[in-house]
Amino acid sequence: MSVETPMLHVVAVGSVDDGKSTLIGRLLHDTGHLTTDQIEAVAEASRKRGRKGIDLALLTDGLRAEREQGITIDVAYRSFDANGRRILLGDAPGHVQYTRNMVTAAAGADAAILLVDAKNGTTAQTRRHLAICGMLGVRDVIACVNKIDLVDYDEARFHEIAAELVQSSAAIDGPRITAIPLSALNGVNLTVRSPETPWYEGPTVLDVLHDLDPPVVETAFRMPVQWVVRHDDGERDIRGLAGRIDSGAVTVGDDIVALPSGATSRIARVDVLGDERESATAPLSVTLHLETDIDVSRGDVIALASAPPQVASRLRATVAWLDEQPLTVPARLEARQGARTVPVIVEELHERLELDTMEHIPADVLETNDLGIITLRAAQPMVLEPYGENRAMGSMVLIDPATNRTVAAVMVDQVLAEA
Amino acid sequence: MTTLTELGTLDVLEAEAVHVIRECAAECERPALLFSGGKDSIVLAHLAIKAFAPAGLPFPLMHVDTGHNFPEVIEYRDRYVADIDERLIVASVQDSIDQGRVQDEVGPRSSRNRLQTTTLLDAIAEHRFDACFGGARRDEERSRAKERFFSHRDAFGQWDPRNQRPEPWTIYNTKLRAGEHFRVFPLSNWTEIDIWAYIEQEGLRLPSIYFSHEREIFERDGMLLAAVEEVERYPHETVRVETVRFRTVGDMSCTGSILSTAATVAEVLQETRDSDISERGASRADDKTSEAAMEDRKRNGYF
Ligand SMILES: Nc1nc2c(ncn2[C@@H]2O[C@H](COP(=O)(O)OP(=O)(O)O)[C@@H](O)[C@H]2O)c(=O)[nH]1
Ligand SMILES: [Mg+2]
């Protein structure tokens with residue numbers, strides 16, 4: 001049972017200066033998403049900086065420091081309506097230093113727009129962003145060979161870079177690649193096919209955005225309980241399990257199991273924010289009422305009894321290390337997953353991923369922005385699934401209790417038996 | 001009872017907002033919902049009520065009253081709070097002035113907008129709030145477009161936009177040290193049109209100033225400000241009567257109206273869809289002072 005979600009998350013990624021912010025500004029501009037005063041403000045900011053014409057990158061580079069340095073530091077989000085669907089566009093920073101912000105923007109994205117400078121070709125950072133998208137399960141990558149104006153709209157150069165990207169993605173079993181020769185600055189092949197590239201007969205960036213497949217929603221029903229609603233209406237004591245459905249759908253009469261306890265019951269009522277329904281689907285926020293009173297509290301996961309996720313306390317995972325303090329093992333941290341926070345130990349660090357070559361290299365330390373493979377042990381049983389099977393049950397962040405910083409994004413590769 | 005139906009954008013935005021509200025209520029010790037009587041905070045309060053129904057809200061509402069608010073809005077606020085039967089805390093800029101915490105500005109260009117920050121931070125400290133829900137949206141302003149759902153504030157109430165916590169997927173790090181707090185923005189991904197469409201869908205009532213009415217106004221910097229005693233005018237600023245409405249609700253000294261005959265939610269929705277000017281461009285004098293005016297205020301603890 002699947003329902004189309006009318007909302008897609010798309011993120012612009014790639015090396016510094018390859019044109020991400022310009023593309024987003026121009027795209028919003030050319031599709032009539034900017035108001036007169038917003039355009040005037042960007043024009044004014046451009047004049048102040050001595051730019052010729054209007055620098056549309058200044059639309060999303062909204063922080064003072066970003067404008068001063070002409071770079072993107074943190075993600076900016078803009079809404080975009082395409083073909084009756086809402087697209088949330090994230091403009092990610094390209095600097096290695098701000099990879100944690102790129103991970104923030106790319107986690108949960110359905111598609112990415114990857115920009116490559118046609119003159120410089122792909123860089124280590126291009127491949128790093130492609131690899132991160134692959135690992136995060138971003139399904140589609142619109143690979144834009146940008147600044148094609150600077151190489152005289154050279155067809156051979158376009159095919160060369162496109163082939164490189166297709167190959168890099170294939171090597172990591174990464175996202176589907178659609179390559180487009182682009183000039184974000186001049187709007188070439190952005191919303192209309194341009195005469196400058198008569199040899200290109202493929203879609204524009206806007207065409208691809210229009211035709212993106214709907215988001216993947218896994219079919220197995222899972223709902224972390226966020227809050228237990230208690231209310232005495234005078235006749236009876238109501239106890240509702242409030243949460244957002246992460247995947248699948250739930251219907252009145254379904255046999256469910258609460259995890260990790262394993263207690264079972266049946267769905268009596270499905271309340272979608274005041275609207276009583278026969279069933280509800282991801283990603284709705286609901287309050288579920290059960291036929292029997294079982295012990296359920298915040299952090300527990302409600303799943304269909306016939307297809308439950310696993311309960312375990314050891315796992316093997318891919319981590320993106322985001323903190324300035326490097327990771328060495330053993331590390332005592334906290335894992336935040338679903339609606340639950342659990343003390344964990346990073347027991348082993350197996351490998352680091354060399355992003356440039358996608359090689360796995362034995363390692364005993366992960367530096368900022370490194371990706372690696374770890375084994376994690378939790379102090380309490382967790383409800384887990386591999387990230388590839390269920391994103392919500394397979395993703396978590398690690399927090400250092402000493403600093404309160406979010407130090408890593410974690411994707412579960414394998415749920416392990418007790419050591 | 002209905003079965004699965006096609007979802008709309010509003011369904012997804014609503015579910016996202018409620019998820020954030022419930023996370024904050026569960027993880028933070030003492031949240032409060034910043035309620036101005038403006039359309040965004042009305043939508044926010046409505047979502048919060050839905051999130052915990054049939055039980056009541058697990059946190060109070062708080063209004064930072066500049067003393068220069070539109071009387072229609074204050075009237076609305078008090079009636080609304082009585083209707084929903086929840087607790088409202090009023091933090092007053094006038095009190096901050098009387099206590100010498102801040103100094104009132106004088107002259108035609110004076111505004112209590114900036115002063116609100118001190119009143120807000122004092123109230124957060126006094127009530128030991130560790131999270132404040134706000135109705136800010138990323139589409140409103142370019143520094144807001146950069147903000148996380150859970151936006152961390154240090155013990156001085158400051159935002160450090162260069163060092164925000166990563167927020168991958170929809171997993172929020174809700175850890176705080178003593179004295180720090182979060183600003184939590186459940187409506188981050190909503191647009192102005194979404195807000196109006198939702199108001200229409202849910203049949204929400206709004207303060208009357210959102211709809212077309214006759215008002216004495218004067219013009220300043222291309223904005224149509226209300227001609228009221230609290231806002232001092234230069235001699236050349238002449239008063240006339242126009243048919244206007246407000247797109248945002250804020251301090252009278254810096255909130256402009258627009259010429260409009262839209263008298264119903266449906267008409268406002270249509271007008272908003274057709275508009276060629278952004279909400280802040282149409283109505284906020286406070287952002288016109290400099291390019292990064294909002295970012296600077298936010299860094300210091302503003303809403
Ligand atoms: N010639 C040319 N310059 C471009 C194009 N796209 C972007 N640029 C310029 O490249 C520089 C970096 O662009 P920006 O969008 O800030 O890159 P980002 O770091 O990826 O966000 C700016 O000076 C842009 O004007 C293009 O298609 N052609
Ligand atoms: Mg940029």
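Lettering follows sequence order; numbering is per chain, from 1.
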Q: Quick one: which of B:Ala51, B:Ser143, B:Ala25 has the most heavy-atom pairs under 4.5 Å with chain A, could you say?
A: B:Ala25
Q | A:Thr99, part contacting chain B, at a heavy-atom distance under 4.5 Å | A | neither
Q: Please check if the side chain of A:Asp74 supplies one atom and the backbone of B:Lys146 the other of a donor-acceptor pair under 3.5 Å.
A: no
Q.
If you define the side chain from C-beta out and look only at heavy atoms, does anything of B:Lys50 sit under 4.5 Å from A:Thr287?
A. no
Q. Above 12 or not: heavy atoms from other molecules or residues under 6.0 Å from CZ of B:Arg87?
A. no
Q. Are A:Arg336 and B:Glu23 close enough for a salt bridge, meaning some N to O gap below 4.0 Å?
A. yes
Q. Based on non-hydrogen pairs under 4.5 Å, which of B:Ala55, B:Gly56, B:Ser188, B:Ala53 is most in contact with chain A?
A. B:Ala55
Q: Rounded to the nearest 0.5 Å, what's the gap from CZ on A:Arg78 to OG1 on B:Thr191? Could you check?
A: 10.5 Å
**Q.** Beyond-backbone contact of B:Leu7 with A:Met7, side-chain heavy atoms, under 4.5 angstrom
**A.** no
Q) Rounded to the nearest 0.5 Å, how far apart are CD of B:Glu27 and OG1 of A:Thr341? A) 5.0 Å
Q. Which answer fits A:Val229, side chain, backbone, both or neither, if we ask what part of it has an atom under 4.5 Å from a heavy atom of chain B?
A. side chain
**Q.** Distance-only donor-acceptor check, side chains B:Arg162 and A:Asn101, under 3.5 Å
**A.** no
Q.
Donor-acceptor check, side chain of A:Gln226 to backbone of B:His19, threshold 3.5 angstrom: yes or no?
A. yes
(Q) So for A:Leu88, is it side chain, backbone, both, or neither that comes closer than 4.5 Å to the heavy atoms of chain B? (A) side chain
Q: Show your working on side chain to side chain contact (heavy atoms under 4.5 Å, CB included) between B:Asn163 and A:Arg100 and close with a plain yes or no.
A: CA-CA 10 Å; B:Asn163 198 19; A:Arg100 63 171 190 276; 3.2 Å; yes
Q.
Pair A:Val75, B:Arg148 - check side chain to side chain contact (heavy atoms under 4.5 Å, CB included), show working.
A. CA-CA 9 Å; A:Val75 207; B:Arg148 303 276 193 260; 4.0 Å; yes
Q) For A:Glu40, is it the side chain, the backbone, both, or neither that has a heavy atom closer than 4.5 Å to a heavy atom of chain B? A) neither
Q) Most heavy-atom pairs under 4.5 angstrom with chain B, which of A:Val410, A:Ile39, A:Leu34? A) A:Val410
Q: Can you establish whether the number of heavy atoms outside A:Arg47 located under 6.0 Å from its atom CZ is more than 12?
A: yes
Q: Taking the side chain as every heavy atom from C-beta outward, state whether B:Pro166 and A:Val103 have any atom pair closer than 4.5 Å.
A: no
**Q.** B:Thr170 versus chain A, the contacting section by heavy-atom distance below 4.5 Å
**A.** side chain
Q: Heavy-atom distances under 4.5 Å only: say whether A:Ser79 touches chain B with side chain, backbone, both or neither.
A: side chain
Q.
When you measure from the side chain of A:Ser285 to the backbone of B:Ala15, do you find a donor-acceptor pair of N or O atoms at a distance under 3.5 Å?
A. yes
Q: Check for a donor-acceptor pair, side chain of B:Ser278 on one end and backbone N or O of A:Thr35 on the other, with a separation under 3.5 Å.
A: no
**Q.** Contacting moiety of A:Val407, where chain B heavy atoms sit under 4.5 Å
**A.** neither
Q.
I need the minimum non-hydrogen distance between A:Ala409 and B:Pro168, along with the two atoms involved.
A. CB-CG, 4.2 Å
Q: Apply side chain to side chain contact (heavy atoms under 4.5 Å, CB included) to the pair B:Asp194 and A:Arg86, showing each step before the final yes or no.
A: CA-CA 11 Å; B:Asp194 295 328; A:Arg86 174 67 51 84; 2.7 Å; yes
Q: Answer with side chain, backbone, both or neither: which region of A:Leu59 has an atom nearer than 4.5 Å to a non-hydrogen atom of chain B?
A: backbone
Q. Do A:Thr104 side-chain atoms and B:Glu167 backbone N/O form a donor-acceptor pair below 3.5 Å?
A. yes
Q | Per-residue contact mode, B:Leu13 against chain A (heavy atom under 4.5 angstrom) | A | side chain
Q) At a heavy-atom separation under 4.5 Å, does B:Ala26 approach chain A through its side chain, its backbone, both, or neither? A) both
Q: Test side chain to side chain contact (heavy atoms under 4.5 Å, CB included) on A:Leu58 and B:Arg142 and set out the steps.
A: CA-CA 9 Å; A:Leu58 291 171; B:Arg142 56 184 168 258; over 6 Å; no
Q. By a 4.5 Å heavy-atom criterion (distance strictly below it), what part of A:Ile399 contacts chain B: side chain, backbone, both, or neither?
A. side chain
Q: Going by the side chain to side chain contact (heavy atoms under 4.5 Å, CB included) test, name the single residue among B:Asp11, B:Val12, B:Val18 that passes it with A:Leu284.
A: B:Asp11
Q: Examine whether an atom of A:Arg298 lies under 4.5 Å from a heavy atom of chain B, and if so say whether it belongs to the side chain, the backbone or both; otherwise answer neither.
A: side chain
Q. What are the two closest non-hydrogen atoms of A:Trp227 and B:Arg22, and how far apart are they?
A. CE3-O, 4.4 Å
Q.
Counting only non-hydrogen atoms closer than 4.5 Å, does B:Ala17 touch chain A with its backbone (N, CA, C, O), its side chain (CB onward), both, or neither?
A. neither
